[in-house]
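All figures in this text were calculated on a predicted structure; none of them were measured in a lab. Every number for a ligand or one of its atoms is a count from 1 in the order of the listing.
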Amino acid sequence: MMNSLYVHIPFCIKKCLYCDFNSNSDLNLQDAYVEALIKEIRSLDYDEFNTIFVGGGTPTILNLKNMEKLLKELMKFNSKEFTFEANPGTITGDKIKLLKEFGVNRISMGLQAWQDRLLKKLGRVHDLNDFLFSYDLIRKEQFNNVNIDLMFAIPEQSVEDWIETVDNVLKIKPEHISCYSLIIEEGTPFYKMEMEGELKVVDESDERQMYYYSVSKLNSNGLNQYEISNFSMNGYECKHNITYWKNKEYIGVGSGAHSYENGFRYFNIRKTDGYIKAMANGSAVEERIKITKNDEISEYMFLGLRMIEGINKKDFEERFNLKVEDIFQKEIIKLERQNLIINDKSSIKLTPKGIDLSNQVFLHFLME
Ligand code: SF4
């Protein structure tokens with residue numbers, strides 16, 4: 001059985017100002033897109049997936065008819081964890097009922113910030129009330145595994161704003177929270193605004209203060225940090241994302257979706273219309289890349305170190321027939337001396353300082 005299936009829905013009402021994900025607002029393509037997607041799903045060689053994640057974009061933007069068509073296909077895989085991303089402003093009672101009916105058992109919602117002025121700044125299509133209304137609908141439909149995405153270091157966000165966001169989100173008791181620091185990506189309106197000096201960015205010390213606040217507040221309120229940016233109640237860790245962090249294989253379907261299968265990474269055509277056309281001819285795979293053993297080891301290290309439990313040495317040995325020290329002895333000693341990792345008998349993990357400097361740590365595990 002393959003572990004995980006990712007399904008990409010590339011549509012959004014409009015583009016958020018910071019977004020560089022593969023999404024657009026060509027909603028007139030949704031019928032043809034869902035048809036192409038179903039064709040791709042039916043071409044898969046697997047009967048079962050442990051986890052399914054429908055993400056985007058905004059999956060809940062699909063109309064009821066298309067959503068039902070897609071869900072009918074996906075429910076055949078009998079997944080233990082079946083997540084659907086739901087964005088406030090696109091959620092209706094009918095859609096939520098449909099998700100429940102077809103076996104979705106985890107909802108991931110993007111809120112980002114508690115303050116309407118910051119949501120506006122980000123170019124989000126919803127305000128806080130839309131979010132609370134959607135959250136209520138989801139809970140009324142008895143979904144008991146809900147993630148909320150939050151974002152810190154938003155231009156003009158103060159540390160107090162962030163504290164207010166974290167504290168208020170805790171009060172509504174989600175089982176899972178993701179907290180990502182805003183990265184200003186090239187090609188986005190935010191990037192242009194920053195270049196032109198129009199963006200009041202958060203300085204690094206405030207950004208770190210925000211992060212430390214989330215870690216201490218969430219951990220002390222029963223949402224344990226299990227990955228650099230992810231927190232959950234016990235037993236509610238996102239199994240789908242753990243597939244990625246443990247560098248296990250997965251399949252992605254839809255425009256721009258990536259897969260990792262039989263030692264190859266491959267990805268589909270990114271543009272929606274290009275994907276639809278390619279699927280009409282049988283396949284939308286744009287490129288396949290063979291992953292060498294060295295690539296696999298490096299990826300295993302820096303993905304695994306994102307998890308708070310770190311790299312399990314026994315798992316490493318079972319997968320690669322080598323001890324992690326056989327390859328990285330020098331690096332491990334150096335990083336340990338710098339107090340960036342903890343190296344004990346069974347695992348290697350980042351220290352809090354190592355989390356702050358994680359990108360530098362990961363570089364040490366890059367193999368030629
Ligand atoms: S809702 Fe998400 S995918 Fe859509 S534009 Fe905003 S950030 Fe991008």
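Side-chain atoms of Asn87 and Thr90 include no donor-acceptor pair closer than 3.5 Å. For the 3.5 Å distance criterion, the side chains of Tyr6 and His8 qualify, holding a donor opposite an acceptor.
Taking the side chain to side chain donor-acceptor pair (under 3.5 Å) definition, one finds that Arg270 meets it with nothing, sequence neighbours left out. For Glu336, the salt bridge (Lys or Arg N to Asp or Glu O under 4.0 Å) criterion is met by no residue, not counting sequence neighbours.
Listed as neighbours of ligand 1 are Cys12, Lys14, Lys15, Cys16, Tyr18, Cys19, Phe21, Ser23, Gly57, Thr58, Asn87, Arg124, each bearing a heavy atom under 4.0 Å from the ligand.
Applying the salt bridge (charged side-chain N to carboxylate O under 4.0 Å, His left out) test to every pair with at least one member in residues 185-198, sequence neighbours left out, gives these pairs: Lys192-Glu196.
Ile154 CD1 to Arg124 CZ: the interatomic distance, rounded to the nearest 0.5 Å, is 9.5 Å.
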